[in-house]
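One structure is given below, encoded as structure tokens.
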Amino acid sequence: MILGLVSWLLGRPNPAGRLEGAADANPNADVDVEKLAAEARSDRVTTEVLSNEHDRSAYPLTAYLEEGERPEYVFRGGDLMISDEAETLAREHPSRELQVVVSTRRVLFVMGGRRSDELWEVPLADVEGVYLDDESSRQYIIVESERDDAAMTFFADVTLNMNPTEVREAVEFLETSATETGESEVEGKGDAEEEEEHHQRTDE
């Protein structure tokens, strides 16, 4: 299970051998935080949240965003559970808080730590399914994903959020975005294959 999870983590090993984020994060990166907050779908994506003024992680969320990436939703969370194809379950506990960032490119799970953060990412192209489980007293965003023939399912406890309607909106956004991304990739592969076949026929 541990070996299967390594490829889903961002960052580099620390002396203890754990993979942690923020190794290459730049808290002073030239990011227009006000613009990101204004363009987000959710009113809860504020400059305070993006800049980590509430001290929920070691680094601000903006330190983990790629160039051109826009956060649409940010949810506060508790534990993050991760299951593989063998249904082996790993439970991750943040030292501070879990933050679930739904962006235009991926789902980013930021496990807030004291000195650095642990990061898990699922690009939209790897999303196989996304659901909201709110049938019990707790709310979970569930993201099913596959990368390099390795399936992983992420269960993010987002019970701390008091707006289930917005969580549902984020799930719907992910479903639509993941489908569109998958269709674009399929079309791109098809075009590439057609071009390769054309070159082969030309060479003959």
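For clarity, every value in this text was computed on a predicted model and none was experimentally measured.
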Side chain to side chain donor-acceptor pair (under 3.5 Å) involving Glu144 - partner list, sequence neighbours excluded: Tyr131

Pair listing, salt bridge (Lys or Arg N to Asp or Glu O under 4.0 Å) test, anchored in residues 168-177, at least two apart: Asp134-Arg168

Backbone of Glu121 reached by a side-chain donor or acceptor of Arg106 within 3.5 Å: no

Nearest-0.5 Å distance that lies between atom OG in Ser57 and atom OH in Tyr64: 6.0 Å

Heavy-atom side-chain proximity of Trp120 to Ile82 below 4.5 angstrom: yes

Arg138 backbone acceptor or donor facing Asp157 side chain under 3.5 Å: no

With sequence neighbours excluded, residues passing side chain to side chain donor-acceptor pair (under 3.5 Å) with Arg76: Glu97

Ring pair (Phe, Tyr, Trp, His ring centres under 6.0 Å) involving Tyr140 - partner list, sequence neighbours excluded: none

All side chain to side chain donor-acceptor pair (under 3.5 Å) counterparts of Thr104, not counting sequence neighbours: none

Partners passing side chain to side chain donor-acceptor pair (under 3.5 Å) against Ser42 (at least two apart in sequence or in another chain): Glu166

Distance-only side-chain donor-acceptor flag, Thr46 / Glu48, under 3.5 Å: yes

Close side-chain approach of Leu61 to Val74, heavy-atom, < 4.5 Å: yes

From Leu65 atom CG to Leu108 atom CG, the distance as rounded to the nearest 0.5 Å: 7.5 Å

Any side-chain donor near an acceptor of the partner, Thr47 and Glu34, under 3.5 Å: no

Close side-chain approach of Leu124 and Asp126, heavy atoms under 4.5 Å: no

Close side-chain approach of Phe154 to Val107, heavy-atom, < 4.5 Å: no

Close side-chain approach of Arg44 to Tyr73, heavy-atom, < 4.5 Å: no

From Arg70 atom CZ to Ser103 atom OG, the distance as rounded to the nearest 0.5 Å: 9.0 Å

Residue pair Ala156 / Val100: nearest heavy atoms and the distance that separates them: CB-CG2, 3.8 Å

Exercise: identify the closest heavy-atom pair between Gly78 and Leu98: O-CB, 3.1 Å

4.5 Å side-chain heavy-atom contact, Ile142 and Thr153: yes

Close side-chain approach of Gln99 and Arg56, heavy atoms under 4.5 Å: yes

Residue that, paired with Met111, satisfies side chain to side chain contact (heavy atoms under 4.5 Å, CB included) out of Leu119, Asp79, Leu80: Leu80

From CZ (Phe109) to CG (Asp117), nearest 0.5 Å: 15.0 Å

Separation of Asp133 CG from Phe155 CZ (nearest 0.5 Å): 8.5 Å

Over 12 non-hydrogen atoms of neighbours within 6.0 angstrom of CG in Asp43: no

Worked check of side-chain contact (heavy atoms from CB on, under 4.5 Å) between Leu50 and Val45: CA-CA 7 Å; Leu50 295 175; Val45 181; 3.9 Å; yes

Check: Thr62 side chain, Ser51 main-chain N or O, donor-acceptor pair, under 3.5 Å: no

